[in-house]
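Below: the structure, in structure tokens.
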Amino acid sequence: AQSVTQLDSHVSVSEGTPVLLRCNYSSSYSPSLFWYVQHPNKGLQLLLKYTSAATLVKGINGFEAEFKKSETSFHLTKPSAHMSDAAEYFCLGGGTSYGKLTFGQGTILTVHP
Amino acid sequence: ETGVTQTPRHLVMGMTNKKSLKCEQHLGHNAMYWYKQSAKKPLELMFVYNFKEQTENNSVPSRFSPECPNSSHLFLHLHTLQPEDSALYLCASSGSGLAGGSTDTQYFGPGTRLTVL
């Protein structure tokens, strides 16, 4: 069975500093992994997706994530935070029965001026 | 977000009311999903439809009744709900929904904020 764990429920950074949101997965086979962002009262928007084509995945809004099989991690990073990045971020894993995704618990990112 | 639309965006209903949530996708996808997002809880998958056929019912109470008349439309009929059903209900769609389709990206609508009094 697959599970996805987001290691931090809250992350707080200053504007202009790097962002690191952590996600670990467990899977008996090669997973599909996604990062989504949710702004208040909005649906989930896809940031990026890993499907084994490349271990470093670049997404929208300057975000990227690196798949590390040895660490079973898929952490989301951004070199410089912007105020508009403040939102909740979800790591999702696929690779089980079709259509079903496993959701992480979410990480709320706060960006201070 | 514009690919998947949901109406209404906000809904307040009493426990004895009957209402319906609507989802429409304009992406040509064949799979559609209903999720429930409650405060401080992970997203919960409720139902999955592939090519109009229900393929997943995640132990959802019968007071929630989904309907998928075609691949572009998905409804969630609500009746005799409880206050604990208050949540954000999200609809999503994905390309194939076939075996191996868990690699498909799911596109989410903006959600319906439901409050049950």
Side-chain angles (χ1 to χ4, degrees), chain A residues 1-10 23-25 27-54 57 59-61 65 67 74 87-108, chain B residues 1-7 9-10 23 25 27 29-51 53-58 87-115:
Chain A
Q2 169 156 283
S3 67
V4 171
T5 303
Q6 290 181 244
L7 301 175
D8 307 292
S9 59
H10 289 83
C23 174
N24 282 8
Y25 73 92
S27 176
S28 56
Y29 42 88
S30 184
S32 299
L33 295 163
F34 308 79
W35 275 101
Y36 283 79
V37 61
Q38 185 178 32
H39 291 276
N41 298 312
K42 296 288 183 66
L44 277 70
Q45 180 186 17
L46 179 70
L47 282 176
L48 48 82
K49 170 184 177 181
Y50 166 78
T51 54
S52 77
V57 183
I60 62 171
N61 301 336
F67 176 76
F74 189 59
E88 188 163 14
Y89 291 78
F90 293 92
C91 180
L92 282 64
T96 57
S97 57
Y98 61 83
K100 288 191 70 172
L101 296 176
T102 303
F103 284 81
Q105 298 86 339
T107 299
I108 295 173
Chain B
E1 181 175 317
T2 55
V4 181
T5 58
Q6 290 186 244
T7 55
R9 294 294 307 275
H10 300 272
C23 175
Q25 57 94 1
L27 302 169
H29 289 163
N30 294 310
M32 297 187 76
Y33 312 78
W34 278 118
Y35 290 88
K36 177 183 179 183
Q37 186 178 31
S38 305
K40 302 187 186 303
K41 294 175 71 175
L43 268 76
E44 302 170 57
L45 177 65
M46 300 175 73
F47 301 104
V48 181
Y49 277 81
N50 290 283
F51 297 95
E53 299 297 322
Q54 187 181 125
T55 54
E56 187 81 25
N57 178 335
N58 208 20
L88 181 68
Y89 288 84
L90 292 166
C91 173
S93 70
S94 69
S96 67
L98 298 174
S102 57
T103 59
D104 286 350
T105 300
Q106 291 189 19
Y107 294 86
F108 287 81
T112 294
R113 174 69 62 186
L114 174 67
T115 303

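Just so we're on the same page: letters track the sequence lines, and every chain starts at 1.
Under the side-chain contact (heavy atoms from CB on, under 4.5 Å) criterion, A/Ser9 pairs with no residue at all, not counting sequence neighbours. For B/Tyr89, the ring-ring contact (aromatic ring centres under 6.0 Å, His included) criterion is met by B/Phe64, not counting sequence neighbours.
The aromatic ring centroids of B/Tyr35 and B/Phe47 lie 6.0 Å or more from each other.
Of the atoms belonging to B/Gln37, it is side-chain heavy atoms, and not backbone ones, that fall under 4.5 Å from chain A. Only the side chain of A/Leu46 has a heavy atom closer than 4.5 Å to any heavy atom of chain B. B/Leu88 touches chain A through its side chain: at least one heavy atom from C-beta onward sits under 4.5 Å away, while N, CA, C and O do not.
Taking the six-membered ring for Trp and thresholds of 30 and 60 degrees, B/Phe108 and A/Tyr36 have ring planes more than 60 degrees apart, a perpendicular arrangement.
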